[in-house]
There are 2 protein chains.
Amino acid sequence: MDLMFLAPVGAIAAIVFALILAKRVMKESEGTDRMKELAGFIRTGANAFLARQYKGVALVFAIVVVVLVVLAFLGYVNVFIPVAFVTGGFFSALSGFFGMKIATNANARTASAARHSLNKGLNVAFSAGAVMGFVVVGLGMLDTTLWYYFLNWWFRDLDPATRAQAIATPMVTFGMGASFMALFARVGGGIFTKAADVGADLVGKVEAGIPEDDPRNPAVIADNVGDNVGDVAGMGSDLYESYAGARISAAALGVAAGYGMGGFSLPMALAAVGILASILGTFFVKTGEDASQKNLLKVLSRGTNISSVIVAVAAYFLVNLCLGEGHVGIYIAILAGLIAGVLIGKVTEYYTSDTYKPTQELSAESETGSATIIIGGLSLGMMSTAIPVIIVGIAVLIAYYVPGGGADGMYGIGMSAVGMLSTLGITLATDAYGPVADNAGGIAEMAGLEPQVRERTDALDALGNTTAATGKGFAIGSAALTALALIASFIDQVKIIDPNFAFDLSIINPSVLIGLFVGAMLPFVFGAMTMKSVGRAAQSIVIEVRRQFREITGIMTGEGKPDYTTCVDLCTKASQKEMLAPAIMTLVCPIIVGLILGVNGVAGMLAGATISGFALAIMMSNSGGAWDNAKKHIEGGAHGGKGSDCHKAAVVGDTVGDPFKDTSGPSINILIKLLSIVAIVFAAVFMNFSIF
Amino acid sequence: MDLMFLAPVGAIAAIVFALILAKRVMKESEGTDRMKELAGFIRTGANAFLARQYKGVALVFAIVVVVLVVLAFLGYVNVFIPVAFVTGGFFSALSGFFGMKIATNANARTASAARHSLNKGLNVAFSAGAVMGFVVVGLGMLDTTLWYYFLNWWFRDLDPATRAQAIATPMVTFGMGASFMALFARVGGGIFTKAADVGADLVGKVEAGIPEDDPRNPAVIADNVGDNVGDVAGMGSDLYESYAGARISAAALGVAAGYGMGGFSLPMALAAVGILASILGTFFVKTGEDASQKNLLKVLSRGTNISSVIVAVAAYFLVNLCLGEGHVGIYIAILAGLIAGVLIGKVTEYYTSDTYKPTQELSAESETGSATIIIGGLSLGMMSTAIPVIIVGIAVLIAYYVPGGGADGMYGIGMSAVGMLSTLGITLATDAYGPVADNAGGIAEMAGLEPQVRERTDALDALGNTTAATGKGFAIGSAALTALALIASFIDQVKIIDPNFAFDLSIINPSVLIGLFVGAMLPFVFGAMTMKSVGRAAQSIVIEVRRQFREITGIMTGEGKPDYTTCVDLCTKASQKEMLAPAIMTLVCPIIVGLILGVNGVAGMLAGATISGFALAIMMSNSGGAWDNAKKHIEGGAHGGKGSDCHKAAVVGDTVGDPFKDTSGPSINILIKLLSIVAIVFAAVFMNFSIF
């Protein structure tokens with residue numbers, strides 16, 4: 001049965017709910033004049049960043065569209081791709097825009113609400129996060145739905161089975177716009193946020209000896225802008241991409257498996273039910289006064305867990321309705337994905353939270369200096385790759401074999417990715433909540449609010465660190481499963497173009513083997529490029545902050561006013577410039593490899609990038625998260641506390657971890673997905689022109 | 001034509017030449033009484049390490065032999081394997097033993113010779129390195145030759161073509177003993193050397209403020225012992241393993257490609273000619289007085305280059321003789337390997353030597369502290385993976401396609417690995433020369449020799465750092481090619497056991513895919529384990545050195561004598577204990593994956609481990625090498641020189657780099673080869689008992 005009608009229902013529900021929440025947040029007071037002023041600075045900075053980013057991205061999009069139009073004319077890509085490329089990018093950018101808008105409006109409001117009670121603070125921050133979450137799933141669903149109904153009308157003369165195929169084939173390629181936008185948002189945002197953070201810390205904390213979030217630091221606003229730019233907009237578009245890629249590729253794999261429109265509509269229907277379940281879940285996120293960190297975490301988990309259970313139950317009926325009786329295997333595949341997502345989050349928490357042994361031991365390694373805490377953090381990150389790989393391995397095994405293998409198995413893998421992402425509305429809400437709370441803490445500090453308020457915002461912020469870490473684990477896990485589904489779609493796409501194509505995907509086919517080697521190397525090079533970018537951008541901030549401290553008289557006594565705008569501007573410019581090279585690399589690599597090694601080589605490259613990227617991204621995120629929390633653990637009084645030698649060593653670890661966990665690690669998610677989607681779009685090109 | 005008779009010629013030539021060189025080295029004077037005493041300490045320490053290591057390894061070998069005997073009885077492994085396992089281990093251990101013996105006897109002799117002239121110092125140190133190089137290739141060749149002639153006699157009743165197959169099939173599995181020994185030598189030695197180094201530095205240099213190689217530091221002898229244990233014995237057995245694995249698997253692939261004994265003998269004959277060419281090359285390694293660093297490097301390169309050219313010319317005739325006319329493709333494959341080895345060495349030099357931009361820029365990053373130099377070094381290492389991957393990719397492409405693909409192509413890949421390793425005698429000599437020169441410098445310092453002598457030993461030592469870095473690049477490159485040849489042999493082995501085995505090595509087969517995921521993760525976990533081991537072992541040294549400083553009165557004034565033996569003993573014990581877990585993991589993983597995912601899954605795992613291990617090993621080695629040389633660059637006067645803040649930051653980088661470049665990075669070479677060989681040996685087991 002075709003349940004596509006649920007898709008627009010889900011899309012509209014999400015958007016309406018986001019609007020209601022946004023209205024509610026905006027009704028709150030922004031607090032004192034000083035708070036308003038500070039929030040205004042952050043808002044202006046974030047808007048300046050977005051304006052410049054969109055201008056830059058528009059230029060790049062224009063170039064790519066021209067290329068796509070030419071290719072479409074030559075018949076190498078579908079005629080709708082140039083338009084779909086633009087709509088994907090547009091909706092992805094739009095969700096970033098709304099997410100940022102609400103986040104930069106909610107920070108002062110959260111701080112202000114926290115003056116009343118902890119629950120009110122949590123409520124505002126979480127509502128802002130939820131706006132982001134539901135805008136992402138709502139617009140993501142809307143884009144797919146609009147295209148679906150348009151293509152359904154376009155191919156209205158075809159019989160249903162052929163029509164499903166005719167719709168699915170071009171739609172798989174439609175994710176490229178969103179992917180491309182995600183690259184800019186994630187990489188650009190990641191560079192911005194860490195350049196500002198590192199730059200502010202190196203001069204402010206280390207050289208001038210002023211505390212974090214001190215308004216005398218010229219880079220402090222840039223730092224707060226960065227939280228929004230990187231953690232809200234970047235994370236949002238990363239998961240928008242996964243959400244789009246997973247649903248569309250699963251839909252196409254369903255058609256390839258012979259389920260027609262029923263198979264096509266299942267991932268959409270599941271996602272729609274996931275939206276409704278997520279909306280329900282948000283109502284369970286509330287707390288009493290003076291709740292402990294543990295309690296707060298429980299409250300957030302409650303919301304996510306309730307949504308997951310609803311989806312788990314509903315999925316059973318959806319599978320039966322869409323595919324007919326006797327496809328319990330696909331249902332189990334969905335469950336496998338759903339559970340794998342939760343487990344990967346838990347593992348991330350175990351490795352990066354200071355309530356567990358690994359991070360506690362890591363902070364003890366600060367006793368022998370910064371070198372040992374660096375070695376310890378790196379090996380912690382490397383070690384933490386083991387369990388997520390095993391989890392994904394088991395999930396893939398179940399998702400493929402339980403539905404019976406073959407085309408059904410591939411559909412199972414695609415559906416497990418959709419299962420993992422079905423509750424994205426609420427999981428993303430708990431993620432995006434973090435930077436809002438972080439900003440609220442910064443504003444409370446800068447505005448000199450009462451200590452009790454600081455305590456509450458600190459509690460909210462600390463919780464945000466944990467949810468940010470689990471969110472990263474979730475983002476990586478879903479990126480890996482989505483990438484696998486996209487690789488399967490790539491193979492299908494080649495088959496559709498040429499049903500007699502002679503695949504040789506064996507790992508002992510040298511083209512595949514070399515593809516694997518090249519693919520495995522790409523995340524390393526990508527990681528290196530983005531880290532270098534942060535270094536260069538931070539350097540320019542350091543020089544500027546030093547200049548302001550030297551040239552603006554009275555800046556230290558509070559008489560002179562620091563020039564926040566220049567720092568924001570520098571970060572914006574630097575991040576725009578720096579993200580170009582990684583973007584070009586990601587776009588060009590599959591094409592070069594395809595032209596030399598052909599389809600088999602590209603498939604090898606995609607697999608190589610996915611497997612090594614998965615490990616590297618987990619390592620970088622978890623090393624970074626653990627260093628961050630080891631520092632916080634010491635600041636909490638362990639090993640001599642703040643200002644001790646151990647603390648200094650831990651700060652070095654944290655600084656190394658910053659680009660690890662907030663720039664390079666998460667950017668690898670985009671890399672592995674974008675490589676696949678570029679390969680899908682350009683499949684026809686290198687099927688015709690490859691050397692080997 | 002069967003040229004096997006060249007193999008014993010090569011083996012005997014290498015061993016005789018090594019004996020002559022050893023005699024010549026031993027004739028040199030050991031210098032003053034103090035020098036003799038110090039050299040004696042180091043020798044005793046190294047012997048104590050070896051004695052304990054052999055005892056521990058013997059126990060593990062005994063257990064594995066029992067398992068193999070049982071499996072042989074049940075018919076799952078060849079009956080000769082238990083014996084071959086022991087001989088492989090024995091010869092590998094023997095070459096480590098001889099190499100260490102000569103190195104620990106040559107250190108004081110090098111220092112003493114350097115009192116006469118730079119050329120004499122170079123001569124003694126290089127001769128000692130050459131003993132190591134030729135013992136490794138000589139004994140490696142001897143083991144293969146003995147087994148070949150035994151099997152040839154055993155199967156004397158078979159007709160030539162069947163006999164070639166009958167000989168090749170069991171011999172492929174014979175590398176496991178050498179691999180296993182290599183694991184212990186590389187990992188154990190790597191842990192020993194860095195635990196001693198880090199421990200000595202952390203307390204001596206940082207806490208007590210005494211210079212490096214100061215005889216008052218109780219860990220100083222352990223540090224010097226470590227150079228021999230890790231860099232001589234570890235490197236030697238690593239390359240012994242590659243040398244054995246590459247030749248045997250190429251021989252088997254030659255038989256599989258239908259070339260019979262001619263194909264079998266080609267890799268052996270090529271290696272034999274390589275030995276003779278290497279012997280010739282050593283005669284060109286000599287220098288005038290007061291040669292610059294650049295000149296010294298040229299002198300060493302001259303030896304290697306001459307050997308390479310001879311092999312390149314001779315290979316043409318060998319291919320014609322062994323395979324008959326018209327196999328120029330195989331010849332080109334050999335050249336591809338030979339050239340790739342040289343190029344990878346050059347790339348390593350570019351990224352890690354302070355005469356080039358990357359390391360110079362890295363040392364500039366110390367200006368903003370230890371965090372930025374760590375970030376810079378990590379991204380340098382990650383970036384440096386790109387070109388070696390492309391080089392290996394091109395080499396594989398040429399080696400496979402030029403001979404015509406298929407079985408011939410696989411043989412081409414095997415032969416390219418042999419080509420790369422053919423001049424191992426002299427390349428290993430230039431590697432092993434490094435630690436001898438390093439030790440000589442240490443002894444010169446501790447014995448308080450004239451400044452002029454120090455200058456000379458410093459020049460020799462600095463050169464040693466460069467050759468060590470290129471040697472590591474070469475070791476990784478050859479390990480990757482050898483691993484590929486072993487994977488091909490694994491597939492062949494399965495085919496021989498069951499000619500109708502239904503392979504599905506496609507990367508979209510979930511078993512292969514999960515194998516790839518697991519394989520890609522293993523080097524990360526292995527790296528984490530070995531880094532953690534170094535940390536723990538170093539910690540025990542720190543505690544012991546602190547205790548001695550506290551409890552031994554007059555240790556600082558030179559009146560009390562530090563207790564060197566306890567430190568050596570601690571390092572030995574710690575390294576023995578710590579290497580067990582990685583060893584078990586490497587042995588057990590292919591078996592577990594095989595039992596769950598079957599042959600296809602194991603093949604995926606091997607490919608995954610090889611591709612991600614290659615990238616990770618290069619990253620770790622090059623990051624470490626660059627940090628080391630960035631520190632040396634600053635010590636040479638850049639960015640404030642020794643004692644400046646920049647220098648302190650660079651020391652942190654160097655300390656992080658120590659386990660990177662000398663323990664974890666190189667150990668990954670062993671991991672990827674050993675996984676393959678374990679898979680080959682146990683192939684029959686998981687062909688019979690796998691779940692999927």
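These values consider heavy atoms only, across backbone and side chains, with no hydrogens, waters or symmetry-generated copies. Naming: A, B, ... by sequence-line order, numbering from 1 per chain.
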message = Can you tell me which of A520(A), P510(A), S612(A) forms the most heavy-atom pairs within a distance under 4.5 Å of chain B?
response =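 When all of A520(A), P510(A), S612(A) are compared, P510(A) has the most.
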Can you tell me which portion of [X] sits under 4.5 Å from chain B's heavy atoms? Options are side chain, backbone, both or neither.
{"X": "F517(A)", "result": "both"}
{"X": "L484(A)", "result": "side chain"}
{"X": "N509(A)", "result": "side chain"}
{"X": "L597(A)", "result": "side chain"}
{"X": "L505(A)", "result": "both"}
{"X": "V518(A)", "result": "both"}
{"X": "F660(A)", "result": "side chain"}
{"X": "M529(A)", "result": "both"}
{"X": "S664(A)", "result": "neither"}
{"X": "I508(A)", "result": "both"}
{"X": "A603(A)", "result": "both"}

inquiry  = Do L516(A) and L516(B) have side chains that approach each other closer than 4.5 Å (heavy atoms only, starting at C-beta)?
reply    =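 Answer yes - side chains close enough.
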message = Within the 4.5 Å heavy-atom criterion, are S384(A) and I618(A) side-chain neighbours or not?
response =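 A side-chain contact under 4.5 Å exists here.
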